[in-house]
K.L.:
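Right, I'll just put the structure down here and ask away after.
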Amino acid sequence: MTRTVDPAEPIAAVDIEPMPIRSRPFPAQHLVKGALLGQLLRTTDHKLIGRMYLVTSFLFFMLGGVMALMMRAELARPGMQYLTPEQYNQLFTMHGTIMLLLFATPLVFAFANLVLPLQIGSPDVAFPRLNAFSYWLFLFGGIMTVSGFLTPGGAADFGWYGYSPLTNASNSPGAGADLWIMGLALAGLGTILGAVNMVTTVITLRAPGMTIFRMPIFTWNIMVTSLMILIAFPILTAALLVLWVDRHMGAQVFEPQNGGAILWQHLFWFFGHPEVYIVAIPFFGIVTEVIPVFSRKPLFGYKGMVLATFSIAALSLTVWAHHMFTTGAVLLPFFSLMSYLIAVPTGIKFFNWIGTMWRGAITFETPMLFAIGFMVTFLFGGLTGVLLASPPVDFHVGDTYFLVAHFHYVLFGTIVFAAYSGIYFWFPKYTGRYLDERLGRLHFWLTFIGFHLTFLVMHWLGNEGMPRRYVDYLPSDGFTALNTVSTIGSFVLGFSMLPFIYNVYKSYRYGEIVTADDPWGHGNSLEWATSCPPPRHNFTSIPRIRSERPAFEHHYPHMLERLEAEAHAGSRRDRKTPRLADTIGSAGPRQGQNDPDPGVEQET
């Protein structure tokens, strides 16, 4: 609005002070230079060790991803582009080793350290110093494994499965193979010690009132996974040490003339197939924590989930030889039947996830998007797994790109999608700041589209007969178009890491600050009943634990009577008599500020 001023009228002087320009809506997080390194070296805090596992495993993930992009660039067109066959063999050997043993397995302990003690109301893990020692064993073992690239002969090049006699001293001379063997043995020792720690923590440090069937599903899954590690990883570690003795002392245990080539396969796959579920079951648990929160419903079939987890663990120890169908040295009907049977408890989990979402008030924040992406991707991988459980089908497509597509759908679909879901889900709890939702959605769609563009076409490549582990193919083979599509998808998938890394950095430094104990508004387990971020020993007070949803009851005490009635708790007489919402320090309804549901006001 303007007005005309008489020139004869004197105009009073006005002092205009400069206004500060706010470039960011939230204050920055100030870091003290040099303080972090000293803290990392001496810490025994499980939360910080969990972050160390998380960051280190993602660094290995990016290294393995760069190797995958190098292989896809070589395979985009027929003919040798820029890699030699020896370099290609080193890349796919180290890619598989890194992704399974230096990314997926330590990522399990990242989430276990971050979440499990909080979920059971424990101030720390049972053996804090052993916990730190386990991490450093993993770190130095992993560095030793990949340092083979710095040796004159290069890294190990006999495949991540290390089949004999490819691994003997004459076929794989040089230090690269020895570094691979001893590095994995060292990292495997760290994994075993970490599993001992988690089992002991769950058994001995649960909060009062947390009976075994009140534990969250994620805690159940970590305990079952740790028991599987204690069965499977000593087998691998022992086999690796015997392989080193073969190479340097002439023991000839794994020589073909002694039957050792098949012995190695039995030992390796008795570790290798449980390993698939060692890295899958914890991520099933993450998704099981995420889906109820964003469906605004309790988990459907809690005890069925626990039973299915134990069934998967038991059956995973009986199916190792389906990796050996083509050897002719295993009983095909038995291992085929066991492979089919393991789909049953996995199907139970799917029905329970769908039952949890059924008629729920679902919202699609980034953690829920990645959880649904996990369900879609893992379902496709499971269906192709049913095909490969049939020996006649396996004979034809087992050494083709059909199998490459299958295990990437199973492993990437399980580990990476569920891990991203867990990171977006628990990031506000451990940093006190939200991740950016717009960048999160961009990250999801780039990951989802890039992954399926890369690996879906590999099913058709395998069906057309393209063998895996080959560095080249002929223009007349007819593989060129699909390989080009797969390579384009792989670079889209690689590019998806950029918005994620930027989101983590930006949100950690300048993100929206969390103002509630439960940022999402409908958290169930105990980690949502403490501050964001938690104090050094996790809790100042713990709510009364009377079900598997203590945090929800703590934040919504006015709903306790209804929850108990719906759960059929107590006798009929008890359900007719209202019970008091007896919680410690409750302030009534607690909604996260990003939660669209306004909630119900506390009655006075």
Side-chain angles (χ1 to χ4, degrees), residues 60 63-64 66-68 70-71 74-75 80 82-103 105 140-189 233 235-272 275 323-324 326-327 329 398-399 403-404 407 467-472:
F60 278 119
L63 177 61
V66 168
M67 295 179 187
M70 293 173 68
M71 289 187 286
E74 177 63 51
L75 291 169
M80 300 297 291
Y82 68 99
L83 291 176
T84 65
E86 292 79 10
Q87 291 170 336
Y88 186 84
N89 289 345
Q90 292 176 27
L91 286 177
F92 82 72
T93 298
M94 297 308 298
H95 168 76
T97 302
I98 289 170
M99 290 304 196
L100 268 174
L101 298 172
L102 303 181
F103 164 62
T105 305
F140 290 115
I143 292 173
M144 185 184 297
T145 302
V146 300
S147 63
F149 284 109
L150 303 178
T151 62
D157 61 355
F158 38 64
W160 72 274
Y161 37 81
Y163 283 168
S164 178
L166 300 177
T167 53
N168 64 25
S170 57
N171 290 321
S172 295
D178 291 324
L179 288 169
W180 183 87
I181 293 168
M182 299 309 294
L184 291 185
L186 193 64
L189 176 60
F233 264 82
I235 305 295
L236 174 67
T237 305
L240 288 170
L241 294 177
V242 172
L243 178 59
W244 188 89
V245 172
D246 260 14
R247 288 172 56 85
H248 292 278
M249 300 181 182
Q252 299 186 357
V253 175
F254 295 127
E255 288 301 314
Q257 60 269 25
N258 301 329
I262 296 297
L263 173 62
W264 170 267
Q265 291 194 38
H266 277 294
L267 292 175
F268 183 84
W269 288 118
F270 189 78
F271 149 80
E275 166 68 2
H323 296 271
M324 301 169 60
T326 56
T327 64
D399 276 324
L403 185 60
V404 176
F407 67 68
R468 58 179 174 152
R469 308 172 189 146
Y470 278 35
V471 66
D472 195 14

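Everything quoted here is computed from the prediction, not taken from an experiment.
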K.L.:
For Asp178 and His248: C-alpha separation, side-chain torsions, deciding distance, then whether side-chain contact (heavy atoms from CB on, under 4.5 Å) applies.
P.N.:
CA-CA 10 Å; Asp178 291 324; His248 292 278; 2.8 Å; yes
K.L.:
Can you list the steps and then say if Leu63 with Phe103 is a side-chain contact (heavy atoms from CB on, under 4.5 Å)?
P.N.:
CA-CA 10 Å; Leu63 177 61; Phe103 164 62; over 6 Å; no
K.L.:
What are the two closest non-hydrogen atoms of Leu166 and Asn171, and how far apart are they?
P.N.:
O-CB, 3.5 Å
K.L.:
What closest approach, in Å, do Met182 and Leu241 show between heavy atoms, and which atom pair accounts for it?
P.N.:
CE-CD2, 4.1 Å
K.L.:
Could you check whether any side-chain N or O of Arg247 sits under 3.5 Å from a backbone N or O of Ser172, counting only pairs where one atom can act as donor and the other as acceptor?
P.N.:
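Looks like yes, one N/O pair under 3.5 Å.
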K.L.:
Could you tell me the separation between the OH atom of Tyr88 and the CE atom of Met67, rounded to the nearest 0.5 Å?
P.N.:
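The distance works out to 13.5 Å.
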K.L.:
Would you check if the side chain of Glu255 reaches a backbone N or O of Pro165 as a donor-acceptor pair within less than 3.5 Å?
P.N.:
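A pair under 3.5 Å: no.
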K.L.:
Applying side-chain contact (heavy atoms from CB on, under 4.5 Å) to Arg469 and Asp399, what does each step give before you reach the verdict?
P.N.:
CA-CA 9 Å; Arg469 308 172 189 146; Asp399 276 324; 4.1 Å; yes
K.L.:
Can you confirm whether more than 12 heavy atoms, excluding those of Tyr163, are under 6.0 Å from its OH atom?
P.N.:
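Above 12, so yes.
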K.L.:
Taking all atoms of both residues into account, what is the closest heavy-atom pair of Ile181 and Leu240, and its distance?
P.N.:
CG2-O, 3.3 Å
K.L.:
Hey, can you tell me if Trp269 and His323 have their rings parallel, tilted or perpendicular (30° and 60° cut-offs)?
P.N.:
parallel
K.L.:
If you measure from CG on Leu83 to CG on Leu75, what distance do you get to the nearest 0.5 Å?
P.N.:
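CG of Leu75 is found 9.0 Å from CG of Leu83.
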K.L.:
Which value, rounded to the nearest 0.5 Å, describes the distance between Thr167 atom OG1 and Leu243 atom CG?
P.N.:
4.5 Å
K.L.:
Would you mind reporting whether Glu275 and Leu236 have side-chain heavy atoms less than 4.5 Å apart?
P.N.:
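They are not in side-chain contact.
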K.L.:
Please report the shortest heavy-atom distance between Asp246 and Gln252, naming the atom on each side.
P.N.:
OD1-N, 2.8 Å
K.L.:
When you measure from the side chain of Ser164 to the backbone of Pro256, do you find a donor-acceptor pair of N or O atoms at a distance under 3.5 Å?
P.N.:
no
K.L.:
Would you check if Trp160 and His95 make a side-chain contact, meaning some heavy-atom pair closer than 4.5 Å?
P.N.:
no
K.L.:
Quick check for you: to the nearest 0.5 Å, what is the distance between Phe158 atom CZ and Asn168 atom CG?
P.N.:
10.5 Å
K.L.:
For the ring pair Trp264 and Tyr161, is the centre-to-centre distance below 6.0 Å?
P.N.:
no
K.L.:
My understanding is that only residues two or more places apart in sequence, or in another chain, count here; which of them pass side chain to side chain contact (heavy atoms under 4.5 Å, CB included) with Leu267?
P.N.:
Ile235, Ala239, Phe254, Leu263
K.L.:
How many angstroms lie between CZ in Phe271 and OG1 in Thr237, if you round to the nearest 0.5 Å?
P.N.:
8.5 Å
K.L.:
How close do Pro85 and Met80 get, heavy atom to heavy atom, and via which atoms?
P.N.:
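It is CD-CE, 3.8 Å.
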K.L.:
Would you name the heavy atoms of Leu403 and Gly398 that are closest together and state the gap between them?
P.N.:
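Here Leu403 and Gly398 meet closest at CD2-O, 2.9 Å.
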K.L.:
Report the distance from atom CE of Met94 to atom OG1 of Thr145, rounding to the nearest 0.5 Å.
P.N.:
6.0 Å
